Amino acid sequence: MADINVKINGIPVTVPKGTTVLEAAHKAGIDIPTFCYMKEINEIGACRICMVEINEGRGFRLVASCVYPLAFEGTEILTNSPKVMDSRRKTLELILSTHEKKCLSCVRSGNCELQTLCNEMGIDHEEVYEGEKHVYEIDNSAVHMYRDNNKCILCRRCVAVCSKWQGVGVIGANERGFKTFIGSAFEMGLGETSCVSCGQCIAVCPVGALSEKDYTDTVFQAIADPTKHVIVQTAPAVRAALGEEFGYPIGTNVEGKMVAALRRLGFDDVFDTDWGADLTIMEEATEFIDRFKNGGKLPMMTSCSPGWVKYCEHYFPDLVDHLSSCKSPHQMLGAMAKTYYAEKIGKDPKDIIVVSVMPCTAKKFECQREDQNAAGVPDVDYVLTTRELARMIRRAGLKFTALPDEDFDNPLGISSGAGDIFGVTGGVMEAALRTAYCWLTGKDEVVEFKEIRGTDGIKRSEIDIDGTKIRVAVASGLKNAGELLTRVQNGEEKVDFIEIMACPGGCVNGGGQPQQPASVRNFEDLRVLRAKALYDEDAGKELRLSHMNPDIKKLYEEYLHTAGGHKSHKTLHTSYVKRSIN
Amino acid sequence: MATKTSVPFNGTAAQEAKLREIIKAHQDDPGALMPVLQQAQEVYGYLPIEVQKIISDEMNIPLEKIYGVVTFYAQFSLYPKGKYNISVCLGTACYVKGSGDIYDKLQEILGIGDGECTADGKFSLEACRCIGACGLAPVLTVNEDVYGRLTTDKVKEVLAKYE
């Protein structure tokens with residue numbers, strides 16, 4: 001589209017016609033605050049915090065910059081005139097009039113978008129508009145999170161991601177006017193609905209209304225218990241995002257410092273879920289080749305993403321037989337920690353606590369599922385999100401940036417590059433295909449599958465391995481997954497192997513990752529920046545094939561014997577249930 | 001969190017068949033939810049969870065989205081009308097004469113809120129605006145019967161007539 005020249009606060013800016021005022025201002029180096037706006041999925045212009053003055057030839061007037069497209073040459077915009085500031089401040093004061101202002105005890109204190117803006121706008125009185133307030137019960141019904149509507153500012157970002165990214169839509173705005181609140185149908189608790197626990201709503205919440213159920217105190221207590229051997233493991237995507245909590249640029253891989261921090265927090269062993277990912281590939285590639293060669297149920301669908309698994313159970317219950325029976329990598333590591341490793345160190349599995357640090361809130365649900373207890377006790381005891389780990393590090397007073405880089409412990413700490421990329425959409429598929437390629441051709445060479453990388457919602461490819469053609473599809477974001485599965489179910493698409501991750505872009509953009517404010521989210525692609533950290537780690541490793549991992553080979557020699565064998569099935573595989581939609 | 005309670009659902013097979021017909025008639029229309037909800041309410045008199053679930057399944061719209069629409073518009077009701085529908089005038093004259101207190105008292109005695117119906121299906125309660133009997137303020141009606149010059153003490157007597 002043609003370029004037009006406009007003036008923002010008197011400074012000339014050239015932008016394509018149709019650019020929003022918000023984007024044009026960003027280009028000119030001016031951040032206009034937003035609450036409700038999320039690029040492409042929540043362009044509702046409802047919160048009115050982004051008001052600016054605009055003159056298109058007929059005098060200045062106030063408009064919502066997030067949804068106002070620039071159409072005329074010579075348009076003048078004022079982003080910080082007294083009138084704009086007054087409007088913004090009044091809107092803020094009105095939001096504050098019904099907001100529970102318990103900032104000192106709020107989990108978001110310090111990175112709350114409302115608090116930050118109040119500070120920036122110089123709000124000096126919290127109760128300008130005293131009046132009626134709602135008192136809402138906190139919804140604790142879901143396994144993984146709570147909703148505290150007393151802090152909700154009704155921006156509807158959670159509603160947008162739930163329906164437009166995830167195609168789930170179990171939350172929305174009920175009632176109207178002053179009585180409006182975000183909730184589920186018929187006042188059901190979130191736990192009663194077909195919520196898949198992905199946590200995307202938490203990741204985009206600007207305030208403290210949504211948060212994961214916090215296990216930091218429980219884990220501190222477990223560490224302090226001398227009778228317990230406490231093992232921690234971290235998912236690949238955690239190292240790609242944890243640094244954001246400590247001021248590193250988005251996409252910085254902080255693996256070494258993270259390991260050092262975990263050791264200093266007092267965990268007895270610091271293991272790598274990437275090791276579990278390598279193990280998953282052994283089992284999953286075996287399962288796929290078996291299904292593919294012996295007429296098993298196809299397409300086979302990956303089962304690493306518990307939000308996706310729950311979605312499948314609720315929304316495509318007829319397809320649960322297509323899910324790989326493999327447990328997810330951290331559950332596999334937990335299972336091996338409490339069987340194989342427990343024997344090695346001579347501990348009773350009851351005295352071992354496994355803590356998983358995950359970019360995910362659905363993992364909190366997953367670790368409590370049935371059939372996830374290889375040693376008769378849960379494979380994983382507690383799941384912490386990346387955010388909770390950051391809280392623990394701060395609470396323990398560790399100066400993260402000053403920590404040395406350290407390596408994971410053995411024998412559940414060595415991993416291949418294939419394990420690293422599990423945290424990115426297409427990564428599980430690529431890791432499985434690398435190994436399947438070697439097994440089918442008998443050659444141990446690293447083949448990259450770049451056509452299934454990238455952030456497209458649905459990616460397809462046909463892989464030719466020495467004449468064997470395998471049709472694969474990769475989807476991330478459950479709305480995309482739903483579209484793909486509907487086509488597969490209707491026979492419109494023939495696929496042999498499907499990878500699905502619940503969160504758009506995969507685990508790097510998981511619901512348990514650090515919360516980035518709208519001012520960052522709307523202008524940076526977190527998925528790409530964080531994914532790069534993992535692809536770089538993979539590319540820089542000698543070991544890039546899961547089946548070549550020496551410790552995995554040893555595990556099979558000493559304990560499991562054959563992939564997909566009897567012992568594997570007892571410890572590393574699981575089952576699924578059919579659920580309904582609510 | 002408690003799910004909202006309501007009168008037991010007594011929908012008939014004929015009503016359900018009619019509802020499915022309505023949905024089918026609108027299946028290709030964009031923005032069909034509003035007309036479907038309006039016609040569904042004509043069939044059932046209200047829009048309980050059972051009805052909204054059928055609409056959700058058939059139209060492939062999340063239940064919450066439907067519930068959000070139903071609770072947004074005053075024209076939709078989640079509750080049936082009771083055998084006796086009590087309508088309390090909250091118009092200016094009645095309000096000044098204390099009909100707000102009478103309305104609160106009724107909610108307290110019946111244990112239901114605005115627009116709701118008692119679990120036995122006997123009484124439903126709603127607020128209305130001026131019914132043109134300001135000389136009798138404060139006023140309420142029970143079906144076609146009009147009661148005026150009320151006080152909170154007299155509310156029980158009125159209800160007793162319908163025991």
Side-chain angles (χ1 to χ4, degrees), chain A residues 135-142 145-149 154 156 158-196 201 311 314-317 478-479 482-483 485-486 489 580-582, chain B residues 1-9 11 23 27 31-34 36-37 40-41 44 46-80 90 100 104 107 111-117 119 126-127:
Chain A
V135 179
Y136 294 107
E137 217 179 300
I138 293 174
D139 180 6
N140 268 320
S141 61
M145 67 178 285
Y146 67 80
R147 166 179 288 281
D148 181 355
N149 273 342
L154 297 171
R156 293 163 168 80
C158 57
V159 175
V161 294
C162 189
S163 64
K164 292 186 184 160
W165 276 350
Q166 303 300 60
V168 171
V170 291
I171 49 171
N174 295 335
E175 302 287 345
R176 73 189 291 176
F178 185 66
K179 285 161 85 183
T180 308
F181 66 95
I182 307 298
S184 300
F186 290 88
E187 270 57 47
M188 274 186 280
L190 195 59
E192 301 166 67
T193 69
S194 36
C195 165
V196 301
C201 53
Y311 176 83
H314 281 293
Y315 293 87
F316 291 90
L478 291 170
K479 189 159 195 200
E483 272 171 33
L485 293 187
T486 304
Q489 215 171 16
S580 61
I581 300 176
N582 262 321
Chain B
M1 267 194 184
T3 303
K4 272 195 179 173
T5 51
S6 185
V7 183
F9 181 60
I23 296 168
Q27 66 183 0
L33 182 58
M34 281 299 283
V36 166
L37 288 174
Q41 183 156 290
Y44 287 94
Y46 70 120
L47 297 168
I49 190 165
E50 292 82 359
V51 173
Q52 290 189 38
K53 272 205 159 156
I54 294 172
I55 297 172
S56 169
D57 291 344
E58 293 298 312
M59 297 181 74
N60 206 12
I61 296 173
L63 184 64
E64 161 50 34
K65 184 162 186 182
I66 296 170
Y67 183 76
V69 171
V70 169
T71 56
F72 183 88
Y73 291 104
Q75 62 174 297
F76 297 124
S77 176
L78 292 170
Y79 304 93
L90 294 184
D104 290 344
Q107 296 197 28
I112 55 175
D114 179 48
E116 295 181 21
C117 182
E126 63 182 18

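All values derive from a computational prediction rather than experimental measurement. We name chains A, B, ... by the order of the sequence lines, and we start the count at 1 in each one.
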Q: Drop me the distance from B:Tyr67's OH to A:Glu175's CD, to the nearest 0.5 angstrom.
A: 6.0 Å

Q. Do you know which two heavy atoms are closest between A:Phe186 and B:Leu78, and how far apart they sit?
A. CE2-CD2, 3.9 Å

Q: Using the test side chain to side chain donor-acceptor pair (under 3.5 Å), find all partners of A:Ser194 that sit at least two apart in sequence or belong to another chain.
A: A:Tyr315

(Q) For A:Leu190, which atoms come within 4.5 Å of any heavy atom of chain B: side chain, backbone, both, or neither? (A) neither

Q. What residues, two or more places apart in sequence or in another chain, satisfy ring pair (Phe, Tyr, Trp, His ring centres under 6.0 Å) together with B:Phe9?
A. B:Tyr44

Q: For chain B, find its close neighbours in residues 161-168 of chain A: heavy-atom separation under 4.5 Å, sorted by number, or none.
A: A:Val168

Q. Below 4.5 Å, heavy atoms only, C-beta onward: do B:Leu63 and A:Met188 meet side chain to side chain?
A. yes

Q: Might you point out which heavy atoms bring A:Gly169 and B:Pro62 nearest each other, and give the distance in Å?
A: O-CB, 3.4 Å

Q: Can you sort out the partners of A:Glu483 under salt bridge (charged side-chain N to carboxylate O under 4.0 Å, His left out), two or more places apart, ordered by chain and number?
A: none

Q | A:Asn582 to B:Lys53 - nearest heavy-atom pair and separation | A | OD1-NZ, 2.9 Å

